Amino acid sequence: MNTGPARGMRDFLPEDVRRRRHVIGVIADVYQQYGFEPLETPSVENLETLQGKYGEEGDRLIFKILKRGEGAETGQADLALRYDLTVPLARVVAEYRARLPKFFKRYQVQPVWRADRPQKGRFREFYQCDVDAIGSRSMVVEAELLAAAADVFTRLGFSDFVIRLNHRKLLEALLAGRQISKSSWADFLSAADDLDKIDVKDAVARLMEKGHDADGAASWINWLSQFKWRRGDARPLATFNEGLDKFETLFNTADQGHPQLTAREAAQTAIVDLKKILALCEFTSARGRVVFDFSLARGLSYYTGAIFEIAVPDLAGSMGGGGRYDNLIGMFSGEDVPACGISLGLERILVVMAERNMFPPSLVASSADVMVVQWFAHRTDLYLALATELRAAGLRVELYPEPPAEDNQKGATVKQFQYAQSRGIPYAAVIGQAELEAGTVSIRTLATRQDEQRPRADVAAYLKAKI
RNA sequence: GUGAGUGUAGCUCAGGGGUAGAGCCCCGGAUUGUGGAUCCGGCCGUCGCGGGUUCGAAUCCCGUCACUCACCCCA
């Protein structure tokens, strides 16, 4: 019998759970400080809710659930495990629009499932930490989302993260201005993202493999590369503005017939948005964190405005990302509702924090403050009573579960002390013959092997003072 | 979906045609109210599974499954 978890799934042992909860706790705490409210949605959605929202590749990766009864034979599916947290949010907003506040701000930390092939840092079940603001087109939303994300990473102990910022409309204007047909946009956007991982030459080659002409490909990639933020660069805000101005000038003076009027207008809108976001970020904790990066594209097709990603120097992928998607909710309700959100990659944050040893020591610490040792063979009542007293005083108490075969059996206490120490429990409480007669409890500090006799009535207070 | 690598004790791994190995873990002892060291002893295996070659296969060949890594795509 194979005892491992199913492919791409993971068991979380106590230490893992403590670490995950620590990070999730910080995230939830920060989001709440920004006025976001918690939301939870079912693991299972109707298949039709999910289908067609993530593109062709995304549809293929949806975990489907067979229809009950005859579906088991026919292979017909009508339900599916949720693929992300954004589409369920869009569904919820479309369903409860009237009951939700005009500006609905929600955060959601739940697992999602993808029938992907597992790989390093990639699983079939993983947590997403999403925060989204619904109902406003103001760039204040973007600025606050970036500030919240900056707060999260700062509080977790990251000092070297960078928020890459770009705008879908800017990219689209560029593509339109270059007379690139809409059917090719996905390839060119994907090539832009590639620049983060591979060099200019390879990115051009890859575009050509997809059937695009060499000049167009090279010109696009080279152009983007000029404004590429590179991992490790920590450019101050001024550089961003400079880059943007440079782009603006270039775009407006590129009169070789490339930019068309509509593309130019779209680009202007995007530039106004980006400048606004930057100006607002100056007054938040995202100050100094934001860099402008033309090559940021993001895979999901539903983005319509600003897009962003959080990067650290020692991880190839992103620690999270998001953007504005003003049309997604309309796919459910028929009425477009503006929305903008960001998703933090919990698993990747954990991977980097583990590699860098960033978890506070208290997290790997013990399951209990004190362990009650059993010395007499038939007085478990005594030890349970002591444990109960200590617990009532607010201590975390473990009772060694097995009494020795006889009173003070040879090696029995040794074994119990060893067990307590191996569990990282700092103190052991012993009531043996001498203690019973004197009405005391012997408190042993496992690390120093020092014992101290305390009157039974003082033990709880004594231990509370020590931990 | 494509490609590569690895499957041997509970865990980490050695052995690459001739009796199945080491370390760690666990259990017991040296040490009867005091444990992290050391030493001694013990437990532990269809060598992933199926077939083939061979006198003989953990070892070579074919197939298959699982895991890992990379591509695609993504968090």
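Chain letters run A, B, ... following the sequence lines, proteins first, then strands; residues in each count from 1. Keep in mind that what you see is a predicted model, and the values were worked out from it rather than measured.
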Note to self: Counting only heavy atoms from other residues, nucleotides and ligands, does the tally under 6.0 Å from CD of A:Glu40 exceed 12?
What the structure shows: no

Margin query: Any base atoms under 4.0 Å from A:Leu446, or only sugar-phosphate, or nothing? Heavy atoms, all strands.
Written below: base

Item checked: Below 4.0 Å: OP1/OP2 of B:rC74 and any side-chain N or O of A:Ser318 -> no

Margin query: Does a side-chain N or O of A:Arg122 approach OP1 or OP2 of B:rA70 to a distance below 4.0 Å, or not?
Written below: no

Next item on the list: Give A:Gly58 one of three labels, base, sugar-phosphate or nothing, depending on what nucleic acid heavy atoms sit under 4.0 Å from its own.
Entry: nothing

Item checked: Any A:Arg19 side-chain heavy atom under 4.5 Å of A:Phe12 side chain -> no

Next item on the list: Look at all strands and tell whether A:Arg206 reaches a base, only sugar-phosphate, or nothing, counting heavy atoms closer than 4.0 Å.
Entry: sugar-phosphate

Note to self: If a pair means Watson-Crick or G-U wobble with both distances below 3.5 Å, what does RNA chain B look like in dot-bracket form, with | marking bases paired to a different strand?
What the structure shows: ((((((((.[[[[.)..(..]]]].(((((.......))))).....[[[[[..)....]]]]])))))))....

Notebook entry, point to check: Just checking A:Ala434: base, sugar-phosphate only, or nothing, at a heavy-atom cut-off of under 4.0 Å?
Noted result: base

Next item on the list: Respond yes when some side-chain nitrogen or oxygen of A:Arg114 is under 4.0 Å from OP1 or OP2 of B:rC74, and no when none is.
Entry: no

Check: What form does the base of B:rG50 take, syn (within 90° of 0) or anti?
Finding: anti

Note to self: On the nucleotide B:rG1, are OP1 or OP2 found under 4.0 Å from the side-chain N or O atoms that A:Arg117 carries?
What the structure shows: no

Next item on the list: Tell me what A:Glu56 touches on the nucleic acid: a base, only sugar-phosphate, or nothing, going by heavy atoms under 4.0 Å.
Entry: nothing

Note to self: Distance check, rounded to the nearest 0.5 Å: A:Gln51 atom CD versus A:Asp59 atom CG?
What the structure shows: 5.5 Å

Check: What is the nucleic acid contact for A:Tyr419, judged by heavy atoms within less than 4.0 Å: base, sugar-phosphate only, or nothing?
Finding: nothing

Check: When you compare B:rA57 with B:rA75, how far apart are their C1' atoms, in angstrom units rounded to a whole number?
Finding: 46 Å

Margin query: Just to be sure I understand the rule, does A:Ala447 reach a base, reach only the sugar-phosphate, or reach nothing, if contact means heavy atoms closer than 4.0 Å?
Written below: base

Check: Under 6.0 Å between the ring centres of A:Tyr107 and A:Phe36?
Finding: no

Notebook entry, point to check: Roughly, in whole Å, what's the span from NZ in A:Lys120 to C1' in B:rC69?
Noted result: 9 Å

Note to self: OP1 or OP2 of B:rC71 versus the side-chain N and O atoms of A:Gln119: is any pair under 4.0 Å?
What the structure shows: yes

